[in-house]
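Written out below as structure tokens is the structure these notes cover.
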Amino acid sequence: MSGASAQAPRRWRPAPRIANPWLRRGLWVLAVAYVAFAVADMEFDVERFISGIPRGVDMVASMFPPDFSRWRLLVDGLVESLQMAFFATGIGLVLSVPVAVAAATNVAPRWLYALARVYIGLSRTFPEVLIAIFFVKAFGFGAFAGVLTLVVASTGFIGKLLAEEIEAIDPGQVEAMRATGAGPAHVLLFGVAPQVLPRFVGLMIYRLDINLRESTILGIVGAGGIGAVLYNSFARYEYDFSMAILLAIIAVVLVAEWFSGYTRARIT
Amino acid sequence: MTGAAASAPGSRPWQRYTRGQRLARFAAWLAAVAVLVWSAGTLDIHWPFVLDAPRQAGDLLGRMLPPEWPFFAQVIGPMVETINIATLGTLLGAALSVPVALMAAQNTTLNAATLWAARVVVVASRSVNELVWALLFGVVFGPGAMAGMVAVGVSSVGFVSKLVAEGIEEVDGGQVEAIAATGASRGQVLIYAVLPQVLPTIIGVLTFRWDINIRQSSIIGLVGAGGIGITLNNEMNSFAWANVTVILIAIFAVVMASEWVSAQLRRRVT
Amino acid sequence: MLTIDKLTKTYADGHQALRDCSFTVPGAQVVAVIGPSGAGKSTLIRCINRLVAPTRGHVHLGDTDLTAAGTAGLRDVRRRIGMIFQEFNLIERLTVMENVLAGRLATVSFLQAFLRRFPAGDIDRAFELLGRVGLDGYENSRADALSGGQRQRVGIARALMQEPELLLVDEPTSSLDPKVARSIMGLICELAGERRIPALINIHDVGLALGFAQRVIGLNGGRVVFDGAPEAVDEAVLTRIYGADEWRDAFRQEGGEDMLAAGGAAS
């Protein structure tokens with residue numbers, strides 16, 4: 001391809017990905033400079049790192065064996081996390097339907113569409129923990145703030161994907177329903193719902209999986225669930241109890257992931 | 001409902017599902033509703049708080065607005081640190097993922113033991129949240145950006161390794177066979193036959209993960225692991241809500257920008 | 001000289017792909033291996049360079065017992081044997097030059113391979129080979145941008161890059177249209193002839209086999225049922241290899257009408 005073969009036919013080097021040599025070198029210099037700056041900015045303290053190693057070893061050593069003696073506390077926290085996740089998924093699911101309809105260009109009026117998109121953008125951009133902090137500040141500590149957080153995050157998540165689904169709907173099927181003389185409610189039920197429903201159930205289960213994961217850490221900022229217990233155990237240096245909690249969380253997450261994968265594979 | 005079986009000829013009944021299917025679906029819905037009701041009922045929600053919620057929210061919003069724009073100057077430094085944590089953390093995660101991904105793929109792992117070891121690493125990394133990793137490494141490195149970067153790196157390993165291992169498993173065996181047939185060593189087969197095929201996956205996964213890490217880096221400061229989260233925590237503790245708004249706007253802008261950058265990068269590699 | 005002695009392969013599922021196959025290829029000879037699909041052709045050549053581990057029997061290339069080679073020995077054995085594939089098996093996302101240079105991997109270090117720093121002599125030979133297979137000027141094209149025939153030419157160049165003492169060729173033309181298939185088959189036989197490299201070619205197109213090979217080996221059910229000159233292949237032989245009626249179908253669908261006349265004349 002390049003004309004290099006004309007004057008020096010017997011030399012070959014793999015062609016660089018970026019043809020312009022100055023641009024290529026410039027990008028390399030920039031990349032190296034950035035990484036150097038970032039590492040320097042990290043203020044990596046060798047002494048602190050070295051003194052941290054025995055602390056790390058101590059911590060890991062004190063994690064074993066995991067202490068399940070206060071299993072009551074653990075189970076209570078875990079159950080609260082599960083409840084938050086289930087409840088929020090349920091409410092989020094119901095509320096995400098109007099959000100999705102409002103955020104679908106082919107259904108909603110312009111002003112409503114813009115409003116819905118702003119809401120979706122906000123709820124998807126901010127991490128759950130950040131949203132939780134605000135609900136805790138506004139409504140006090142506890143599971144309610146956590147549920148609200150997960151509801152907001154779920155409606156944004158499901159709403160966006162469901163809106164795309166509604167936008168991609170086959171107008172032929174809707175038209176066919178109209179042609180039979182069906183009213184708007186019937187059109188929604190028979191023309192729109194069947195096309196969207198499998199995806200809807202899939203999204204619900206996928207989101208349930210995410211909500212379960214999130215519900216286990218929201219407690220760190222006071223929004224209910226097992227996270228608070230975990231955070232306290234860290235603060236009190238009870239690392240063996242922390243380990244027990246972590247193992248329990250991993251178990252729940254794994255079961256949730258398996259369930260989510262299993263059901264979604266069966267639905268579609 | 002069930003008597004339909006005894007139908008006269010000429011009026012054949014029609015049902016969407018067989019009886020077993022209908023029962024299973026009904027049971028699934030029933031279970032879902034039962035779980036929902038149980039959750040709602042026993043969840044320890046303090047209802048007076050809930051009723052008071054709209055007023056509280058309005059109050060908070062009133063104190064957050066208008067944003068205290070001059071505070072923006074103090075946000076830039078921590079925001080840069082946040083991006084650095086995410087970027088270096090992603091690089092660290094990528095480096096750690098090389099052996100894990102190779103061992104987690106059926107066709108490049110050494111034996112059953114390495115396969116399972118890699119899977120355990122993937123599960124541990126993925127199941128434990130970034131915040132928890134940040135707490136753990138905070139103990140080792142002390143609070144600060146270093147702990148955050150390592151936490152981001154370690155929590156990226158599972159995600160990156162899992163997806164890259166799946167990419168490795170989908171590699172065209174014919175190309176691998178051809179390179180092996182030239183007498184290439186195991187390592188050469190990896191870099192000459194496997195790597196070129198997986199490269200687009202690797203770049204796609206890493207840019208995607210970098211995007212996620214930007215988001216995560218903005219909150220790990222809440223447990224002391226560096227970045228904008230520390231500033232956010234300080235301002236909230238001193239009830240400087242107008243400053244908090246500026247921080248939120250900054251986070252929003254950076255997250256949106258990173259999403260755009262990562263999408264652009266992914267579009268370019270094929 | 002390639003000697004195959006009582007080569008047997010039983011797969012883990014109990015399928016017997018090869019049963020006591022024995023034959024010798026004395027010098028530079030183009031040998032076509034024909035037989036119905038599932039006869040064991042592919043297993044046979046993969047047992048020679050041990051992409052498939054044989055269950056029993058021996059393969060000798062010169063004085064080397066290929067079946068006894070250890071890990072390091074196996075690399076050297078594979079270096080000495082060039083292989084050409086049905087699906088070309090080029091590294092699709094690499095350039096033509098990188099694909100041809102892959103033939104030298106056994107002679108360079110890991111780092112050299114990673115940085116693509118091959119000795120100047122290798123690059124020289126690669127250019128020469130590219131010219132010889134008719135791909136002058138294509139060195140920087142990506143393999144996935146080439147046509148099927150061009151890809152197989154790169155595959156041939158890669159195999160010859162190894163300076164092999166033996167060529168194993170697995171259905172080189174099955175993924176190509178008939179006209180290209182003929183020219184590729186011609187090229188392989190020509191190159192094997194001019195470089196005096198013995199070649200073992202699996203091919204299910206009997207017409208091409210009889211047209212180009214100096215010797216034909218017929219496999220059926222993992223056994224050698226025929227071994228002789230192409231002129232000796234008649235209806236009786238084909239029936240022995242392919243079963244009663246199958247061979248006519250094999251002929252027709254491969255478009256070997258001209259050879260049908262030749263085969264008919266021989267009978």
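Here is the naming used below: chain letters follow the sequence lines, and residue numbers restart at 1 for every chain. Everything numeric in this text was worked out from a predicted model, so none of it was measured.
Interface residue C:Val108: backbone and side-chain heavy atoms are both found under 4.5 Å from chain B. Heavy-atom distances place both the backbone and the side chain of C:Phe110 under 4.5 Å from chain B. With a 4.5 angstrom heavy-atom cutoff, C:Arg158 touches chain B only via side-chain atoms. The part of C:Arg116 that comes within reach of chain B is its side chain, from C-beta onward, which places non-hydrogen atoms under 4.5 angstrom from that chain. Only the backbone of C:Ile81 comes within contact range of chain B, judged by heavy atoms closer than 4.5 Å. Neither the backbone nor the side chain of C:Arg104 comes within contact range of chain B; no heavy atom of the residue lies under 4.5 Å from a heavy atom of that chain. The contact between B:Leu195 and chain C is made entirely by side chain atoms (from C-beta outward), counting heavy-atom distances below 4.5 Å.
In this structure, B:Tyr192 and C:Glu98 approach most closely via the heavy-atom pair OH-O, 2.7 Å. Heavy-atom minimum distance, C:Leu51 versus B:Ala181: CD1-CB, 4.1 Å.
The number of heavy-atom neighbours closer than 6.0 Å to CZ of B:Arg186, taken from other residues, nucleotides and ligands shown, is 12 or below. Sparse packing is recorded around CZ of B:Phe208, with 12 or fewer heavy atoms of other residues, nucleotides or ligands lying under 6.0 Å away.
Top candidate by heavy-atom pairs under 4.5 Å with chain B, chosen from C:Ser109, C:Gly155, C:Gly103, C:Ala106, is C:Ala106. With chain B as the partner, the residue from C:Leu105, C:Leu90, C:Asp76, C:Asn49 showing the most heavy-atom pairs under 4.5 Å is C:Leu105. Across C:Gln86, C:Met83, C:Glu92, the residue that shares the most heavy-atom pairs under 4.5 angstrom with chain B is C:Glu92. Among the candidates C:Asn99, C:Asn89, C:Thr107, the residue making the largest number of heavy-atom pairs closer than 4.5 Å to chain B is C:Asn89.
Residues C:Phe114 and B:Gln188 are not in side-chain contact: their nearest non-hydrogen atoms beyond the backbone lie 4.5 Å or more apart. A 4.5 Å side-chain heavy-atom check between B:Thr182 and C:Arg79 finds every atom pair outside the cut-off.
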- Task: Report the C-alpha separation of C:Arg93 and B:Gln175 in whole Å, then their side-chain angles, then the decisive distance to 0.1 Å, and conclude whether the side-chain hydrogen bond (donor to acceptor under 3.5 Å, both in side chains) test is met.
- Result: CA-CA 11 Å; C:Arg93 298 187 71 258; B:Gln175 299 181 31; over 6 Å; no
